[in-house]
Amino acid sequence: RRMAVRFCLAEKTMKKKPSISGNPSESMPDPKEIEKEIGEFLAKKFGGDVKIVTPIEMPQEMIAEVSGQTAEKKEMLDFDLIPEDLFSYLDQYIVRQDEAKSVLATKICTHFNRIKHQHARVQSGLDEVSDIVGTIKNNVLMIGPTGVGKTYMVKLIAKKLGVPFVKGDATKFSETGYVGGDVEDLIRDLVREADGDIEMAGYGIIYIDEIDKIASSRNLIGSDISRTGVQRALLKPMEETEVELKVPHDPISMIQEIERFRKTGKRDQSSVNTKNILFIMSGAFSDLGDIIYKRLAKQKIGFGATLAKHKQNTDILRHTRSEDLVEFGFESEFIGRLPVHAVFEHLSEDDLYKILKNPNNPVILSKKLDFAAYGIDIKFEDEALKTLAKRAFEEHTGARGLVSSIENALLLFEKTLPSTLINLFPVTLDVIENPENALKQLTDSPDVEKIQQDFNRLAREEKAGIKDYIEAKKKELVKKHSLSLTLSHIEIATEYYTSNIVDIGTALKKIKHFADEVKKIELFFYKNHDINFVMEEDAIDFFIEQLVKTDSHVDDIYEKLSKDFEYGLKLARDKTGRNRFFITKEAILNPETYIGQLIKEDLKSKDLVSPKERLEQKL
């Protein structure tokens with residue numbers, strides 16, 4: 001009689017276990033090796049009468065389904081911004097470009113709020129909106145010269161919204177079937193940015209730069225696969241289509257799918273619908289101004305006609321129409337899918353200076369980080385920043401010229417100063433205009449006292465600029481961070497900003513976090529000591545300032561307050577009958593005096609009460 005024996009090998013007990021020293025034990029064999037050895041042993045001992053049967057390993061997801069457990073589906077994108085909020089956010093980081101900021105803030109907020117509204121109607125059974133045929137997306141075309149903040153603005157928006165974001169260059173793609181990148185790869189990249197969450201990827205933003213480079217040449221006869229072909233390839237994704245995540249005839253994709261099915265027992269969704277994916281495209285369109293000017297000139301031909309004189313190319317670009325873009329070299333179907341146009345302005349020399357003065361600008365913050373890597377604290381003089389802005393303006397590359405301007409001016413110092421003992425670097429006008437002479441003074445015979453004086457002066461100028469900035473943006477910052485920006489809070493935020501390399505938003509978030517942590521002390525004091533310990537604003541600000549300036553923790557503050565006030569306030573409670581005490585900064589600095597004053601005031605009030613009144617109170 002044949003016998004079948006089922007050996008259930010418990011894998012968890014067979015895995016390598018850590019030893020006392022923390023190193024895995026190498027004497028524990030692999031479960032499959034044990035199974036093989038047992039099978040060979042049974043074959044020798046019983047021949048073919050006894051066989052080993054390995055239990056089927058079910059994927060965790062299948063086990064959950066069998067047991068009635070289902071994974072919780074991720075909520076749809078939670079969006080609650082309105083255009084003015086997004087505009088105020090962009091205004092903190094980007095100088096000028098008010099029209100472009102207004103257009104993008106409005107249309108992007110409308111896009112995502114419309115998705116949210118439609119989703120809510122579908123959930124409630126009112127899905128008439130979803131049945132509308134030919135719904136138009138607010139895809140955006142950004143037109144403007146290089147270095148004016150197009151890419152930076154889109155990155156800021158994606159960061160603020162918290163949606164998956166992918167950037168691509170139009171010049172890297174070719175028509176499907178030809179050598180070159182496939183435009184559908186952008187959709188697949190969006191899924192990767194969403195950590196594989198296909199639903200979230202369906203609410204992402206795809207930004208394609210250098211879009212003017214795929215306009216067909218007006219002197220070319222025939223098809224151009226690197227230009228018009230790419231335009232045609234973008235048509236369906238820009239509107240609505242299903243994009244397969246698995247690349248056809250890709251063996252790696254097939255292997256990954258098999259492995260995924262083996263683990264989960266399910267076939268994953270293999271396509272992404274682009275209905276709610278927002279496409280934003282940008283380009284410099286250097287020759288577009290000539291086309292627009294010719295059209296405007298034709299319209300004004302005749303007696304008494306006057307031709308508008310445009311000081312800059314940007315003035316002409318404001319009059320951009322779809323027909324101008326078609327003449328520029330775009331397919332009419334392609335332009336029809338970009339209904340929103342945002343025109344960016346040229347940046348003046350003063351604009352470049354304002355960018356450098358903006359406390360959120362990445363140019364100065366990055367340079368501070370460069371020197372901080374060597375333990376050197378750097379501050380910039382206003383006159384030095386003006387000179388750097390002037391040099392950048394002469395390069396005619398917009399804000400991009402600021403980076404090269406600063407790098408060229410400070411590269412010599414960045415190379416040499418890390419080899420010295422200098423840890424303070426005041427960048428004055430002389431440093432920018434006479435770098436070799438300034439470096440020699442810093443290294444050969446450094447005047448430590450003068451360096452310290454210059455640095456302190458620039459630090460004071462920087463603090464004054466930060467205060468002015470916060471005051472100017474106070475309304476928006478209060479709304480954004482839910483923090484009352486009192487004079488004390490502004491002082492503390494300024495101190496934190498100048499002591500750390502952060503932007504204003506991060507500084508205010510830190511102050512808000514400290515304020516919330518300090519307020520928790522009141523709750524802990526009541527729970528542990530049964531005393532209503534209420535701190536006044538000046539006391540809270542005092543502790544926030546301590547947390548900013550020192551390495552102390554809120555737990556250290558609580559322990560000190562317990563030590564200073566626990567027994568004194570309990571005594572005051574017993575003497576006065578009160579259980580609610582308002583603590584000021586003065587009380588924190590002099591706890592014994594505060595408690596003594598409480599008891600003294602109570603005794604004084606009792607002395608003013610007559611014996612008859614005391615008797616009546618007792619009765």
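Note that this is a predicted model, so its numbers are computed, not measured.
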Backbone N or O of V363 within a donor-acceptor pair of the N361 side chain at under 3.5 Å?
yes
Salt-bridge contact E331-R232 (side-chain N to carboxylate O under 4.0 Å):
yes
N/O donor-acceptor pair under 3.5 Å between D503 side chain and T506 backbone
yes
Given side-chain contact (heavy atoms from CB on, under 4.5 Å), test C109 with I82 step by step and report yes or no.
CA-CA 6 Å; C109 284; I82 58 177; 5.7 Å; no
No-hydrogen, no-angle side-chain donor-acceptor test under 3.5 Å, N360 and Y469
yes
Under 6.0 Å between ring centres: does that hold for F371 and F425?
yes
Between E210 and K213, does any NZ, NE, NH1 or NH2 come within less than 4.0 Å of an OD or OE carboxylate oxygen?
yes
Report yes or no: is the cationic atom of K160 (NZ for Lys, CZ for Arg) closer than 6.0 Å to the six-membered ring centre of Y89, at no more than 45° off its axis?
yes
Judged by atom type as modelled, is there a donor-acceptor pair below 3.5 Å linking the side chain of Q231 to the main-chain atoms of F334?
no
Salt bridge check: are R318 and E99 linked by an N-O gap of less than 4.0 Å?
yes
The test is side-chain contact (heavy atoms from CB on, under 4.5 Å); show your working for V427 and I432 and say whether it passes.
CA-CA 7 Å; V427 180; I432 302 300; 3.8 Å; yes
I'd like to know if R321 pairs up with D324 as an ion pair, taking the criterion as any Lys NZ or Arg NE/NH1/NH2 lying under 4.0 Å from an Asp or Glu carboxylate oxygen.
no
Are side-chain N/O atoms of D91 and S88 paired as donor and acceptor at under 3.5 Å?
no
Using modelled atom types and a 3.5 Å cut-off, is there a donor and acceptor pairing between side-chain atoms of D197 and backbone atoms of M200?
yes
Using the six-membered ring wherever Trp is involved, compare the ring planes of F328 and F330 and label them parallel, tilted or perpendicular (cut-offs 30° and 60°).
parallel
Under 4.0 Å between a Lys/Arg side-chain N and an Asp/Glu carboxylate O for K480 and D85?
no
Are E414 and K367 close enough for a salt bridge, meaning some N to O gap below 4.0 Å?
yes
To check you understand the geometry: which heavy-atom pair defines the closest contact between D98 and E345, and what is its length?
N-OE2, 4.4 Å
Atom NZ of K368: over 12 foreign heavy atoms under 6.0 Å
yes
Verify side-chain contact (heavy atoms from CB on, under 4.5 Å) between N273 and T241, making sure each step is shown before the conclusion.
CA-CA 6 Å; N273 189 289; T241 190; over 6 Å; no
side-chain contact (heavy atoms from CB on, under 4.5 Å) assessment of N139 paired with V340
CA-CA 6 Å; N139 295 326; V340 181; over 6 Å; no
Ignoring hydrogens and geometry, is there a side-chain-to-backbone donor-acceptor pair from R337 to E333 under 3.5 Å?
yes
Partners passing side chain to side chain contact (heavy atoms under 4.5 Å, CB included) against D377 (at least two apart in sequence or in another chain):
K379, L424, F455
Mark yes or no for whether K101, through its side chain, and I94, through its backbone, hold a donor-acceptor pair below 3.5 Å.
yes
Is the backbone of L278 close enough, under 3.5 Å, to the side chain of K137 for a donor and an acceptor to pair up by distance?
no
Note: D350-K354 ion pair, threshold 4.0 Å (strictly below)
yes
Under a 3.5 Å distance rule, please check whether S405 uses its side chain to pair with a backbone N or O of L388 as donor and acceptor.
yes
Counting N and O atoms only, with roles assigned by atom type, does the side chain of S348 sit under 3.5 Å from a partner on the main chain of D351, one being a donor and the other an acceptor?
yes
Would E394 and R391 pass as an ion pair if we require N to O under 4.0 Å?
no
Please check this pair: side chain of S404 against backbone of G401, looking for a donor-acceptor N/O pair closer than 3.5 Å.
yes
E381 vs R457, salt bridge (Lys or Arg N to Asp or Glu O under 4.0 Å): CA-CA, chis, key distance, verdict
CA-CA 9 Å; E381 187 179 48; R457 175 174 61 83; 3.1 Å; yes
